[in-house]
Amino acid sequence: MDYDPGIIEEKWQRRWAQEGLDKAKDDFSSPKAYILEMFPYPSGDIHMGHVRNYVLGDVIARYHRFKGYNVLHPMGWDAFGLPAENAAIKRGIHPARWTWSNIENMRKQLKRLGISYDWDRELATCDPTYYKWTEWFFLLLYKRGLAYRGRAKVNWCPTCKTVTANEEVIDGKCWRCHQPVEERYLEQWFFKITDYAERLLNDLDRLPGWPEHVKTMQRNWIGKSVGAEIIFKIKEIDKDVKIFTTRPDTLFGATFFAVSPDSSLINEMKSSPLFRREEVESFISYVKSATDENERFGVFTGLHAINPVNGEEIPILVANYVLQEYGTGAIMGVPAHDQRDFDFAKKYGLPVKTVILPPGRPPEEELESAYEGEGVLVNSLMFNGLYNEIAKVKIVEYLEKKGLAEPKINYRLKDWLISRQRYWGSPIPIVYCDNCGVVPVPEEDLPVLLPEDADFAPGSISPLAKSEEFVNTTCPKCGGPAKRETDTMATFICSSWYYLRYTDPHNSKMPFGKDAVKYWMPVDRYIGGVEHAVLHLLYSRFFTKVLYDAGYVDFEEPFTNLFTQGMVLKDGVAMSKSLGNIVEPSPIIEKYSADTLRLFILFASPPEKELEWSDEGVDGMWRFLNRIWRLFNELIPYVNNGDDALDSGIERELIRWRHISVKRVTEDIIERFHLNTAISTLMEWSNFLGDNIDAVKKVKGVILRDTLETFLVLLSPFTPHIAEELWEMLGHKESIFREKWPEYDPNLMKQFEYELVVQVNGKLRDKIRTDERDMEKLKYAVLELPKVKRFLQGKEIKNIITVPEKLINIVTD
RNA sequence: GCCGAAGUGGCGGAAUAGGCAGACGCGCUUGACUCAAAAUCAAGUGGGGCUUUGACUCCAUGCCGGUUCAACUCCGGCCUUCGGCACCA
């Protein structure tokens, strides 16, 4: 009988669903494992990246079920977002219809892969029963003072016709459409994630199960810098201006003062007759149109700032490299100890004043570049001779007493802009009333439903604003006429809490039940792409911390272990429509089988690395599965051999292979997550069986049965269908997935005879097979080996190194 | 520029605690089966040397050096590639 996966896979997928094998049990007393993969955006089809992500998760989930855990392994849809609207505009289909039909299709594709999800817990963020609670979260943040409306410089994507968060702008381009974004000043809704900057940073240290590079990326993004704010007086007008610096120790070296072209100080300086209005204004308009962003430009304003520590007057410049949105939008320029200031000073002929000297450098030496390292203070009056790290503190303390400075920590992280001027998202449950102002929609009135008949063609205003029926409402407070907020929420809000919803997906009273969350959370294994290292993963951590503070959960981090898989490549580059190098999963499944595709994806590369697609590699996996099929068909009749069957060395070998393989596969799955080597172990094992098939047929039935059954259990997380079919052919009525994961016994892994490596001066000279385990005896025996003798000729033995049951190294002079 | 990861056959990759470098798979070569092909099976496959073709020998894990009886593995320095951040004061 030939391996016919079309029939087998359909048969078992149906039966597993009937039996409910993959359902998580709401029995909160047993040990649990929450295995989660990042849910997909329902774009239409599952692609290879999804396959990799979900097959990896499936192996882990199935393994944990074998180990007796109550496993939660759910799937859902990150279903709000722009592509639905764009498709709607292009093809005249309603975003909801487009989305739901994509979900339908992709669910089918995932089921065809045999991924063991608990489909009863499926969710979609665009479903009102879900986004009701997304709105609830908005209100929670609003109540806690973490959601506010503010005017700020924001990123506007002209292609997507909406604003985006800083996290969504990569190299000045929109994360979704890769087009350049524009700056706009707009009033928008923000989440105050900066309130959590310190905790988001510190708690990374409590996540040993996260990859270091992801934590580093988050640390960089949060961008903490410790320093001080120092007040400079403007000489010509009566005005104090704060600057932020991480180097207060270099304060005496400040030779100029600079503000950003967007600084409000520029306006205020106009009151002075000395202000060089024309130069400054033409400079600003020049800088705004300048294309070379890396070139530093500046212009003297005509005014001066007074250094608070020594009363020195230094010129105030407007400089394009001073950022308005970081620190205070003003800096002190210390050319001697900051490379940017140094380059700028050289360009405009500003003085360079050394105030920190590394040991051994004469103070009069002219600098070739800024010295940014440690040293001792000079030219700094009463602080001279202090080590700079100490001076940092002393100078701030000195000025603090005079009310001219205070220690300050700045973060690069900015508040999270969450408004989107688009239709297909969760409404923001806010009402504007002429009498009462901004009024949150009461919880009992949730959800604020998206109007179905909205004109969602994007324009300069949100599509919801064009729906009279939606906009016009009554004020929940005074009952008077009021207007609804017409922006929708960023979709990253929907995905910031979905992992909580899976624990209790049908709860109509709350976003999740306390007991369910307490039992299932945190997620034990979270698997997904590294592209969410900052975005989704930072936002989710933020949400969890807010919930913790509000008393809804008793943990502060949602994902205990995080795994970021590598990308799937074709011809060395990521698969993409524009390159036309996409390999679709479905035709591969049709041509071979789901098991073949699963096996290839797992075998071709370790999970964290990039995976290069190979048609020949898929062929190889297909051949392997066929070999397994034939091997089992040939051997299964012999599992009924009696106990009087031939007892030969092969039995010992079979037992040894079994225990070694169990150990290797188990450790590869759970400790190293190297599924490629787990599979190669199974290949080696099956090669051994195939190479010795005539002898294997003659062993005792119990031993053969144990060999075949153990093999199938180890194989089943990777290729569940073929394993289940062969399991049934071995006479089992119960599913293989109700089995226990096999144990191994190190004593049974030992070879009676083993191979001893013999080296002379660290070079391999011979190998001998022996059952002798006493290394002292072997030490002298190997000296008599002819090959060893040859290399010892005329040399004196200085030492003999032995590694038990492994190696002997003879060292000569 | 700063931070992080990685460099091993023709290719994907293995070597888990410093102990046989190249497991497993792909590809390739040869053979068997076949009218033929496919499929399958068998053998071989890092590079070089040979006036002993061998149970031979030398070289080889990005480069240079070090530690060690022994280094893909540890240490120091460099090179390259990829990823992240980037006028963040």
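A quick note: this is a predicted structure, and the numbers were derived from the prediction, not measured. Quick note on labels: first sequence line is chain A, next is B, and so on, each numbered from 1.
Of the residues in residues 799-808 of chain A, those lying under 4.0 Å from RNA chain B by heavy-atom distance are A:I801, A:V803, A:K806, A:L807.
The separation of B:U81 from B:U29, taken at their C1' atoms, amounts to 33 Å, rounded to a whole angstrom. B:C3 and B:G76: their P atoms are spaced 15 Å apart (whole Å).
A glycosidic torsion no more than 90° from 0 defines the syn conformation; B:A15 lies beyond that range and is anti. Glycosidic torsion of B:G62 falls outside 90° of 0, placing the base in anti.
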Detail all sub-3.5 Å separations between protein N/O atoms and N/O atoms belonging to nucleotides 14-16 of chain B.
from  : atom 1 : to     : atom 2 : distance (Å)
B:A14 : OP1    : A:N676 : ND2    : 3.2
B:A15 : OP1    : A:R672 : NH1    : 2.9
B:A15 : OP1    : A:R672 : NH2    : 2.6
B:U16 : O4'    : A:R672 : NH1    : 3.4

All N/O contacts under 3.5 Å from nucleotides 58-62 of chain B to the protein, with atom names and distances to one decimal?
from  : atom 1 : to     : atom 2 : distance (Å)
B:C58 : OP1    : A:R765 : NH2    : 3.4
B:C58 : OP2    : A:R765 : NH1    : 3.2
B:C59 : OP2    : A:K763 : NZ     : 3.3

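Side-chain contact check for A:K798 versus A:T812: every heavy-atom pair is 4.5 Å or farther apart.
Counting any heavy atom pair closer than 4.0 Å across all strands shown, A:V322 reaches a base atom. Residue A:Q339 is classed as having no contact, given no heavy-atom separation below 4.0 Å to the nucleic acid. Within 4.0 Å (heavy atoms only), A:G620 reaches sugar-phosphate atoms of the nucleic acid but no base atom.
Close to B:A23, at under 4.0 Å from its OP1 or OP2, lies no side-chain N or O of A:N687.
Going from atom OG1 of A:T328 over to atom NZ of A:K242 covers 8.5 Å, rounded to the nearest 0.5 Å.
With hydrogens and angles ignored, no donor-acceptor pair under 3.5 angstrom links the side chain of A:N220 to the base of B:C85.
Both A:R412 and A:L323 sit near RNA chain B, but only A:R412 has its closest nucleotide nearer the 5' end.
When ring centroids are compared, A:W622 and A:Y3 come within the 6.0 Å threshold.
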